[in-house]
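As structure tokens, the structure follows; a few thoughts come after it.
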Number of protein chains: 2
Amino acid sequence: MTKNIEKEIFRQYIITNNLKFSRQREEIIEVFFSIDKHLSVDDIYRILKKKRISVGYTTVYRTMRLLCECNLAQERMFGDGQTRYEHVYGHHHHDHLICIKCRKIQEFHNPRIERLQEIVAGDNNFRALYHKLEIYGICEKCESERRSKE
Amino acid sequence: MTKNIEKEIFRQYIITNNLKFSRQREEIIEVFFSIDKHLSVDDIYRILKKKRISVGYTTVYRTMRLLCECNLAQERMFGDGQTRYEHVYGHHHHDHLICIKCRKIQEFHNPRIERLQEIVAGDNNFRALYHKLEIYGICEKCESERRSKE
DNA sequence: CTAGTTGCAAACCCTTTGCATAGAT
DNA sequence: ATCTATGCAAAGGGTTTGCAACTAG
């Protein structure tokens, strides 16, 4: 259960920084880490609402910032105007495939990209620190749906 | 003079769609195409202001949308919260090196990336349409400034 | 003349902040 | 008891829209 490791790391962070492990924070991380998707604040808020768990919008924002600070989460912006968060613990660096039809986001890892980053940086006298590669297109599911309609 | 070709294409687009070639639209594209940078609406507005050309903020937004519609410009979001626009005409596909210190944006092109996109897409049964690769780091200028301070 | 354009103000969306109240330790 | 967390409402920043006045063709 990765979820519990993450909760433990969070709890440690809370203690170390003289913060408090509130009911709301627990509920939020419970939801966030139990769902393996790129969730937005709004997504998390809605899920909590649906479960009849009362947490304020603002608190979700503040908790997500905390999770980023302790490196359990990372902000991502895929251009639809909403910040989404991804799990960091136990995940190596990866990039994204984004379906422009259903907005599903798949992760992938390809070591060639890291090498390419170095080559390009070298060619341009640039000191590369990190990169983002986002490939936009149509996912398998949407593509087969499209085909069956023809 | 690429600028004039772009103006001509824009004028064509205007005529074809029964729109009007206003003084404001002319001023805006004049500024946008004469500067080879990724400008935001705010940048363009300020430049016009400085030149004592009176154009409303809203009009800049609307004109930039028009330029995107006729494929003379393209929206870009580099994560600083502002949409920026880049010239499209006569530019082949490229990616970006973004300096996290001075926010300068350099463009580069590397054919390997296109190939990589195909490989990754193939591995994931994904139909790739386009991609964005952004490499973040320190540009040559900032790096040498940093070194000289040590 | 007349349909499209402008530019202000107001509305929007997502996110952050101020502050009085509630809650964790 | 103390000091942080909460959650509302209000403010922020970027972007869009409604609308009366204006203007290109």
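Keep in mind that the numbers below use all heavy atoms, side chains included, and drop hydrogens, waters and symmetry copies. To find a chain, count down the sequence lines: A is the first, B the second, and so on, and within it residues start at 1.
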Check every strand shown and say whether S54(B) touches a base, only sugar-phosphate, or nothing at a heavy-atom separation below 4.0 Å.
sugar-phosphate
Helix axis bend for the helix from dC1(C)-dG25(D) to dT25(C)-dA1(D) - C1'-based end axes, five pairs, 10° rounding
30°
Could you tell me which residues satisfy ring pair (Phe, Tyr, Trp, His ring centres under 6.0 Å) with Y130(A), sequence neighbours excluded, listed by chain and number?
Y136(B)
Integer-rounded Å distance: dG14(D) P and M64(B) CE:
17 Å
One character per nucleotide, please: for nucleotides 17-25 of chain D, 5' to 3', B when the base has a protein heavy atom closer than 4.0 Å, S when only the sugar-phosphate does, - otherwise.
BB-----BS
Dump every N/O contact between nucleotides 11-15 of chain C and the protein below 3.5 Å, one line per pair.
unit_1: dC14(C); atom_1: OP1; unit_2: Q82(A); atom_2: OE1; d: 3.3
unit_1: dT15(C); atom_1: OP1; unit_2: T83(A); atom_2: N; d: 2.9
unit_1: dT15(C); atom_1: OP1; unit_2: T83(A); atom_2: OG1; d: 2.7
unit_1: dT15(C); atom_1: OP2; unit_2: Y61(A); atom_2: OH; d: 2.6
unit_1: dT15(C); atom_1: O5'; unit_2: Y61(A); atom_2: OH; d: 3.0

Find the distance E27(B):CD to dT5(C):P and express it as a whole number of Å.
17 Å
Residue pairs, two or more places apart or on separate chains, that pass salt bridge (charged side-chain N to carboxylate O under 4.0 Å, His left out) and touch residues 117-144 of chain B:
R127(A)-E143(B), E143(A)-R127(B), K141(B)-E145(B), E143(B)-R146(B), E143(B)-R147(B)
Identify, with sequence neighbours excluded, every residue that meets side chain to side chain donor-acceptor pair (under 3.5 Å) alongside E27(B).
none
In whole angstrom, give the distance that lies between atom OH of Y13(A) and atom P of dT4(D).
14 Å
Pair listing, salt bridge (charged side-chain N to carboxylate O under 4.0 Å, His left out) test, anchored in residues 86-115 of chain A, at least two apart:
R76(A)-E86(A)
Who passes ring pair (Phe, Tyr, Trp, His ring centres under 6.0 Å) against F32(B), sequence neighbours left out?
H87(B)
Could you list the donor-acceptor pairs under 3.5 angstrom formed between side-chain atoms of residues 42-57 of chain A and any protein atom two or more places apart in sequence or on another chain?
unit_1: D42(A); atom_1: OD1; unit_2: Y57(A); atom_2: OH; d: 2.3
unit_1: D42(A); atom_1: OD2; unit_2: R46(A); atom_2: NE; d: 2.9
unit_1: D42(A); atom_1: OD2; unit_2: R46(A); atom_2: NH2; d: 3.0
unit_1: D43(A); atom_1: OD1; unit_2: S40(A); atom_2: OG; d: 3.4
unit_1: D43(A); atom_1: OD2; unit_2: S40(A); atom_2: N; d: 2.8
unit_1: D43(A); atom_1: OD2; unit_2: S40(A); atom_2: OG; d: 3.1
unit_1: D43(A); atom_1: OD2; unit_2: R84(A); atom_2: NH1; d: 3.2
unit_1: Y45(A); atom_1: OH; unit_2: K49(A); atom_2: NZ; d: 3.1

Report the C-alpha separation of M64(A) and E75(A) in whole Å, then their side-chain angles, then the decisive distance to 0.1 Å, and conclude whether the side chain to side chain contact (heavy atoms under 4.5 Å, CB included) test is met.
CA-CA 9 Å; M64(A) 294 318 291; E75(A) 287 192 349; over 6 Å; no
Holding to ring pair (Phe, Tyr, Trp, His ring centres under 6.0 Å), I want the full list of residues that pass it with H96(A), two or more places apart in sequence or in another chain.
H38(A), F78(A), H94(A)
Do the charged groups of R11(B) and E8(B) touch, with an N to O distance under 4.0 Å?
yes
Starting at atom CD1 of I53(B), determine the distance to atom C1' of dG7(C), rounded to an integer number of angstrom.
17 Å
With nearest nucleotide decided by heavy atoms, which residue, Y45(A) or E75(B), maps closer to the 5′ end of DNA chain D?
Y45(A)
Given atom NZ of K49(B) and atom P of dG7(C), what is their separation to the nearest angstrom?
11 Å
Could you tabulate the donor-acceptor pairs under 3.5 Å formed by side-chain atoms of residues 12-22 of chain B, not counting sequence neighbours?
unit_1: Y13(B); atom_1: OH; unit_2: E69(B); atom_2: OE1; d: 3.1
unit_1: T16(B); atom_1: OG1; unit_2: Q12(B); atom_2: O; d: 2.6
unit_1: S22(B); atom_1: OG; unit_2: R25(B); atom_2: N; d: 3.1

Just how far, in rounded Å, is C1' of dT6(C) from CG of L48(B)?
14 Å
Atom-pair distance (CG on N17(A); C1' on dA24(C)), nearest Å:
16 Å
Under the ring pair (Phe, Tyr, Trp, His ring centres under 6.0 Å) test, residues paired with H109(A) that sit two or more places apart:
H92(A)
Distance in angstrom units between N18(A) CG and dG23(C) P, rounded:
21 Å
